[in-house]
Enquirer: 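Pasting a structure below so you can have a look.
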Amino acid sequence: DSPVNLSGSAIIFYAKGVRGGENIAFALKDKNNVSAFNKNKLYPFPNALTTDWQRAEIPLFNAVKEFDVKSVVSLRFEFGSKDTDNKPGDTILVKDLQVIPL
């Protein structure tokens, strides 16, 4: 697939945990495999998820300067135990993923 230009945009989504306390990370990469965020990912819910829907808004002007926001090829949610300390069987729900202009 062709890269996507996300300059001047933000990514918005809603997430919740089934039991509460789960974590989710978000990652973007450009066509040169450069990650948009320090340490390769961003944790939009620093206090963990609750059982209620929570809104995340990720403006892309906060990306590292080496990241080419005009050539995004990968958007990824990470929820495995290695990076998020989730337990086997934890369930995370995500809905209404949007890219909006700022």
Side-chain angles (χ1 to χ4, degrees):
D1 292 333
S2 298
V4 177
N5 183 347
L6 296 181
S7 59
S9 298
I11 296 172
I12 295 175
F13 63 91
Y14 293 82
K16 71 177 182 175
V18 170
R19 66 169 177 79
E22 298 91 345
N23 290 299
I24 189 170
F26 180 79
L28 290 171
K29 287 195 176 182
D30 68 16
K31 68 180 179 183
N32 296 316
N33 205 34
V34 174
S35 180
F37 309 110
N38 290 324
K39 299 183 182 179
N40 301 324
K41 60 188 81 78
L42 175 79
Y43 293 88
F45 305 103
N47 296 322
L49 292 168
T50 66
T51 57
D52 295 318
W53 289 108
Q54 295 174 269
R55 183 179 190 265
E57 182 171 335
I58 303 166
L60 296 182
F61 61 78
N62 288 336
V64 297
K65 69 178 185 173
E66 298 84 8
F67 178 73
D68 185 359
V69 72
K70 294 180 180 178
S71 66
V72 177
V73 295
S74 172
L75 178 153
R76 185 175 70 244
F77 291 103
E78 297 183 9
F79 47 84
S81 62
K82 177 182 173 191
D83 296 319
T84 61
D85 294 327
N86 289 326
K87 311 277 184 290
D90 282 351
T91 302
I92 296 169
L93 305 170
V94 175
K95 71 175 186 175
D96 297 335
L97 177 66
Q98 303 173 53
V99 177
I100 62 160
L102 294 177

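Quick caveat: nothing in here was measured; it's all calculated off a predicted structure.
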Enquirer: Quick one: pull up OG1 in Thr84 and CD in Glu22 and give me the separation to the nearest 0.5 Å.
Expert: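 Between atom OG1 of Thr84 and atom CD of Glu22 there are 9.5 Å.
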Enquirer: Would a 4.5 Å heavy-atom cut-off, applied to side chains only, mark Glu57 and Leu102 as touching?
Expert: yes
Enquirer: Can you check whether Leu6 reaches Val99 side chain to side chain, under 4.5 Å on heavy atoms?
Expert: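 Sidechains of Val99 and Leu6: in contact.
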Enquirer: Using the side-chain contact (heavy atoms from CB on, under 4.5 Å) rule, take Leu49 and Ile24 through it: C-alpha gap first, then chi angles, then the decisive distance, then the call.
Expert: CA-CA 8 Å; Leu49 292 168; Ile24 189 170; 4.3 Å; yes
Enquirer: How many angstroms lie between NZ in Lys16 and OG1 in Thr91, if you round to the nearest 0.5 Å?
Expert: 11.5 Å
Enquirer: Count I, L, V, M, F, W, Y as connected when their side-chain heavy atoms are under 4.5 Å apart, and connections chain through other members. Are Val18 and Phe45 then in the same cluster?
Expert: no
Enquirer: If we only count heavy atoms from C-beta on, is the Leu60 to Leu28 side-chain gap below 4.5 Å?
Expert: yes
Enquirer: For Asn23, does its backbone N or O pair with a side-chain atom of Asn86 as donor and acceptor, under 3.5 Å?
Expert: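 Yes; at least one donor-acceptor contact below 3.5 Å.
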Enquirer: For Val4 and Leu75, what are the C-alpha separation, side-chain angles and deciding distance, and is it a side-chain contact (heavy atoms from CB on, under 4.5 Å)?
Expert: CA-CA 11 Å; Val4 177; Leu75 178 153; over 6 Å; no
Enquirer: Does Tyr43 belong to the same Ile/Leu/Val/Met/Phe/Trp/Tyr cluster as Ile58, with side-chain heavy atoms less than 4.5 Å apart forming each link?
Expert: no
Enquirer: Grab the two heavy atoms, one from Pro44 and one from Ala25, that are nearest each other, plus how far apart they are.
Expert: CD-CA, 4.5 Å
Enquirer: Among all residues two or more places apart in sequence or in another chain, which pass the salt bridge (charged side-chain N to carboxylate O under 4.0 Å, His left out) test with Asp90?
Expert: Arg19
Enquirer: Is it true that atom NZ of Lys95 has more than 12 heavy atoms of other residues, nucleotides or ligands lying nearer than 6.0 Å?
Expert: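 Yes, the 6.0 Å shell around NZ holds more than 12 heavy atoms from other groups.
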Enquirer: Could you pull out the closest heavy-atom pair between Ala48 and Gln54, with the gap in Å?
Expert: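 Looking at all heavy atoms of both residues, the closest pair is O-OE1, 3.8 Å.
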Enquirer: Are Tyr14 and Leu93 co-members of a hydrophobic cluster defined by side-chain heavy atoms under 4.5 Å apart?
Expert: yes
Enquirer: How would you list all residue pairs meeting ring-ring contact (aromatic ring centres under 6.0 Å, His included) that involve residues 57-83, not counting sequence neighbours?
Expert: Phe13-Phe77, Phe26-Phe77
Enquirer: To the nearest 0.5 Å, how far apart are NZ in Lys29 and OG in Ser74?
Expert: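 Answer for the NZ-OG pair, Lys29 versus Ser74, is 7.0 Å.
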Enquirer: Between Val73 and Val64, is there a shared hydrophobic cluster once you connect ILVMFWY residues whose side-chain heavy atoms come closer than 4.5 Å?
Expert: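 No; tracing contacts between hydrophobic side chains, which count when under 4.5 Å, never links both residues.
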Enquirer: List in chain and number order the residues that pass side chain to side chain contact (heavy atoms under 4.5 Å, CB included) with Gln98, two or more places apart in sequence or in another chain; answer none if no residue qualifies.
Expert: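 Counting only residues at least two positions away or on another chain, Gln98 forms a side chain to side chain contact (heavy atoms under 4.5 Å, CB included) with Asp96, Ile100.
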Enquirer: Has the side chain of Asp30 got a donor or acceptor atom that lies under 3.5 Å from a matching backbone atom of Asn32?
Expert: yes
